Every structure is written in structure tokens, then in C-alpha cells.
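Written below as C-alpha cells is the structure these notes are about.
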Amino acid sequence: RFDTRRIVEEQFQPSYFTAEQLMQLLDVSRSTINKWMSSGKICGYKMDDSQQGKLYFDKAEIRDAMKKGRLGKHVRSNI
């Protein structure tokens, strides 16, 4: 069986974080990530149309948001 989800996850692993990975790296809650997305500070990308589809966050976009101070002064990470 052709497992598209697994292939997509493997392809995007090096360049993207899952929401769970981002929460751990930045030590923030899911609600904080949702607020950042709602306010346009970061973008999350869904790889499929299902309700349970994982959100992915581009590492370069997250680094840029941190560099520009959009995520707050308390957010520090070596990503």
C-alpha cells in the first residue's frame, strides 16, 4: 500500500517541525502556537485535508519570526 502520509512526513522532516516539536523546542503551549497562527506571526501547513492532519512549521520561517522578535522576547532556541 502506498503510504502518502509517511512519505510526506519523511520528506518534510528536515525542513519542517510538527506542532509538538515546536512546542518542545520553544517551551510553549499549543494555545500559544494557535495564537501565533491566528495573529499571523507564524504559518502552519497541513499536508492533507483530514481533521487529524498534522500541522508543519517551516524551520526558516520560525527562525525568521524569532529573529524579528515576533514571538516575544522570552522565546529563545537554537533552531
Side-chain angles (χ1 to χ4, degrees):
R1 180 170 93 90
F2 189 71
D3 188 357
T4 304
R5 179 179 295 223
R6 182 186 56 76
I7 292 169
V8 168
E9 287 180 359
E10 287 174 1
Q11 286 179 333
F12 286 96
Q13 188 71 11
S15 299
Y16 287 78
F17 294 118
T18 64
E20 293 78 17
Q21 290 170 325
L22 193 58
M23 287 167 37
Q24 287 181 332
L25 285 168
L26 303 181
D27 193 26
V28 297
S29 68
R30 181 62 185 239
S31 65
T32 297
I33 290 175
N34 290 339
K35 287 176 190 176
W36 288 342
M37 288 182 359
S38 294
S39 65
K41 293 179 180 181
I42 62 173
C43 292
Y45 302 95
K46 253 186 159 179
M47 301 300 163
D48 62 35
D49 292 333
S50 72
Q51 287 285 3
Q52 290 78 24
K54 287 185 179 180
L55 280 175
Y56 293 85
F57 300 88
D58 185 291
K59 286 182 182 181
E61 289 178 9
I62 298 299
R63 283 187 194 113
D64 186 56
M66 290 174 61
K67 183 178 176 182
K68 292 180 179 176
R70 291 192 306 237
L71 305 185
K73 294 178 183 178
H74 70 282
V75 175
R76 301 273 187 255
S77 180
N78 293 324
I79 59 172

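Since this is a predicted model, take the numbers as computed values, not measurements.
- Taken to the nearest 0.5 Å, the CG atom of L25 stands 5.0 Å off from the CZ atom of F17.
- Here the straight-line distance linking atom OH of Y16 with atom CG of L22 works out to 13.5 Å at 0.5 Å rounding.
- The minimum heavy-atom distance linking E61 with C43 is given by the pair OE1-CB, 4.0 Å.
- Of the residues I42, L71, L55, the one that meets the side-chain contact (heavy atoms from CB on, under 4.5 Å) test with I33 is I42.
- Between the CZ atom of F57 and the CG atom of L26 there is a distance of 10.0 Å, given to the nearest 0.5 Å.
- The local environment of CG in D27 is sparse, with at most 12 non-hydrogen atoms from other residues, nucleotides or ligands closer than 6.0 Å.
- Taking each heavy atom of K41 and R70 in turn, the nearest pair found is CD-O, 3.1 Å.
- Residue T18 comes nearest to Q21 through the heavy atom pair N-OE1, 2.8 Å, listed as atom of the first residue, atom of the second, then distance.
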